[in-house]
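Read the numbers this way: they start at 1 and go in the same order the structure lists the ligands and their atoms. Counting from 1, the numbers follow the sequence of the chain as shown.
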Amino acid sequence: MRLSIIVCGIFACALAACTSVTAAGVRSSSISDVSPADSPAAPPPIASAEGLQTVSSPDGALQVTLQDSAGHPEWSASYDSEAILRPAKLGLRFLEAGNFESGFVITGAETRTVDTPWEQPWGERREMREHYNELLVRYSDPDNAARFFDVRVRVFNDGLGFRYEVPKLTPDGKVSLIDELTEFSVDEHDTAWWIEAGNYNRYEYIYHTTEAAAIDRAHTPMTLRTAKGTHITFHEAELVDYAAMWLDQQRPGVFKASLVPWSDGIRVKKTGAFVTPWRTVQVSHDAKGLLNSNLILNLNEPNKLGDVSWVKPGRYVGIWWCMHIKKCTWSSGPEHGATTERTKAYIDFAARYGFDGVLVEGWNEGWDGDWFNNGALFSFTKPYPDYDIDELSRYAAEKGVRLIGHNETSGNVTNYEDQMEDAFALYEKLGIAQVKTGYVADGGGIQRKDENGIWRYEWHDSQFMARHYLHVVEEAAKHHISIDTHEPIKDTGLRRTYPNWITREGARGQEYNAWGYPHLNPPEHETILPWTRMMSGPMDFTPGIFDLTFDGPDADNRVQTTLAKQLALYVVLYSPIQMAADLPENYESRPEAFEFITHVPTDWEQSLAIAGEVGEYVAYARQERGGRDWFVGAVTDENGRSLSLDTDYLDDGTTYQARVWADGPNADWKTAPYDMSIYTQTVRKGDKIDLHLAPGGGAAVWLTPVTGMTAGQ
Ligand code: NOJ
Ligand code: CA
């Protein structure tokens, strides 16, 4: 692939002004690629321009326009001539520096093209390509040269991102952002898949399928389908030291950025010049195409951690489901889950079946009583007396397994930050290389002690917490620890920059199925997740429940899927660390089904969404990292269906043995969830793989090249 960056002022592009540099300089080679000057009075140079500026994707299909409409900054986008985003506002309001919204005209513009390959150290695909056309536009107040801001737009074939780049605006550099005016303007009759934002349950809601007009305030990623069938996802990338963006429907079809406020009402606090996160729009002509987008990662900075060979994808088990189905407790006492004896049994089980890690929750002091409301009581270094952490670390190492740490904070961030350094140092000494964190607290209920010793309450997705979550990841990296955040801030692709931010929760996971009606995930849940939550990145969903009716066949509490669908989820819902969430005895009683879990990889060479419609069904094919085997997973909603899946991704001239775990002829999540057909067939590129999916069902396929056999034999 040719690596090139062309930097060119649109209107003043003398030949000498256009430079072409190698990939090594991608991020810093052009004068316009650095943040705006750190001075209120000295705008950096940018080629002069006026009026309306457009930039297209490398394939020409997606076109973005920035303009000043009677002094109002605006943007719009079209996709193959469909006006997918109507002209909508841009702008910012500051407490100390006034409003940057009207009386601003375009005074400069530059373009460039970047085409750079890069590799993910782990991920859903190894080879990545960052290929975009960029437009940088300056909006200025004609009456005051110090009042300007830039908007940088990057347009890829699979979507666009734009961000504000703001110079230092006040003498001491301090500014308080009180509103971001960015709007996204769509047809109110588009179909939307979304969850409510700014509510008590963070991101853990059942997804709604409605007309766009029915939305009040939604989280991103939010996905829409236009009347023409175009699929669009709104989200953001590289959310660093800024508030998350909720989308507020202000007029029919017009969604305004609503930045999560601090407890004092300010949205974002900054010092000096700054850039905002990228506001992103992913597009595709069909549903499955959207799932193959790499936009969010491509808009993040490259790996900042250097050698990350210590970040290890893999499978894990844990003392976890047992608490959720109330067969043991996090708290101490006769039912305590995290005992030395039970943990040794889990380590033995993990070693026997090739799992890499054993998560143990409830190992540390602080769980007794109302832990949800007593975050200040947690110790992150003191184990309960019946949990011999030194012996267990030794035992795990002897068996070739690692303990996975667990830090539930109940949202008391101050208590966690006070202990974090000691905790990570201890875990590193004990060989604990992954830590699951938790922030169980209502939305708006994160506790922090301010500089005057007063407790303040913040949102999980506020600027304060954007800082905190990343701080944890950076501190953990110093101890070669990877972080799996539960009750997180949404993923915006920071795993590219910090590959030890290995996975997170951030949607309704399996745990909801343990808690009983009305919490259960409906059968369509996992057919909406790929186009919503998963558009942001990997999720620690914790699939693999085998005892689907754990409270008896007539209880309301159950998992509303078939057994085959639980297997398919390992391929459908990407995470570099995947849990086998059920109790060991439930796996040992169904060894034929368990075999899929003990072989499915969690790190991939390639991933392809190969079929799907939002909220109905989805199928993925993924090739194991460093190998030739392919794995296919397909899941459906409450409707049974037959899928006939393409195999174009397979190698030419090779015969594969396909082992299939599919719903049996009588399977139905309600009446016969365990009915499963396990069979083998041979497949060559171009053949179809036909799969029967029961209501609430799924199928998993493992394809292995058959050595010595080629096409025609
Ligand atoms: C919520 C997490 O999502 C879950 O996995 C964990 O077991 C509990 N909090 C307790 O920390
Ligand atoms: Ca949770």
For a quick test of your reading: what N or O donor-acceptor pairs under 3.5 Å do the side chains of residues 424-433 make, sequence neighbours left out?
residue, atom, partner, partner atom, Å
Tyr427, OH, Phe380, O, 2.5
Tyr427, OH, Asn407, ND2, 2.9
Glu428, OE1, His479, ND1, 2.8

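- Listed by first and then second residue, the side-chain hydrogen bond (donor to acceptor under 3.5 Å, both in side chains) pairs involving residues 355-364 are Trp330-Glu361, Glu361-His406, Glu361-Lys436, Asn364-Trp367 (not counting sequence neighbours).
- The environment of Lys382 atom NZ is sparse: at most 12 non-hydrogen atoms of other residues, nucleotides or ligands sit within 6.0 angstrom.
- Geometrically, Arg467 does not engage Phe464 in a cation-pi contact defined by less than 6.0 Å to the ring centre and at most 45° from the axis.
- Nearest to the Ca ion (ligand 2), among the N, O or S atoms that Glu487 has, is OE2.
- Under a cut-off of 6.0 angstrom, the local environment of CD in Glu341 is sparse, with at most 12 non-hydrogen atoms contributed by other residues, nucleotides or ligands.
- Take the N/O/S atoms of Glu511: the one nearest the Ca ion (ligand 2) is OE2.
- Protein residues having at least one heavy atom under 4.0 Å from any atom of ligand 1 are Trp320, His324, Trp330, Glu361, Trp367, Trp371, His406, Glu408, Lys436, Val440, His486, Glu487, Glu505, Glu511, listed by chain and number.
- In summary, the aromatic rings of Tyr570 and Phe596 are positioned with their centroids too far apart to meet the 6.0 Å limit.
- Among pairs with a residue in residues 496-577, none fulfils disulfide bond (SG atoms under 2.5 Å apart), at least two apart in sequence or across chains.
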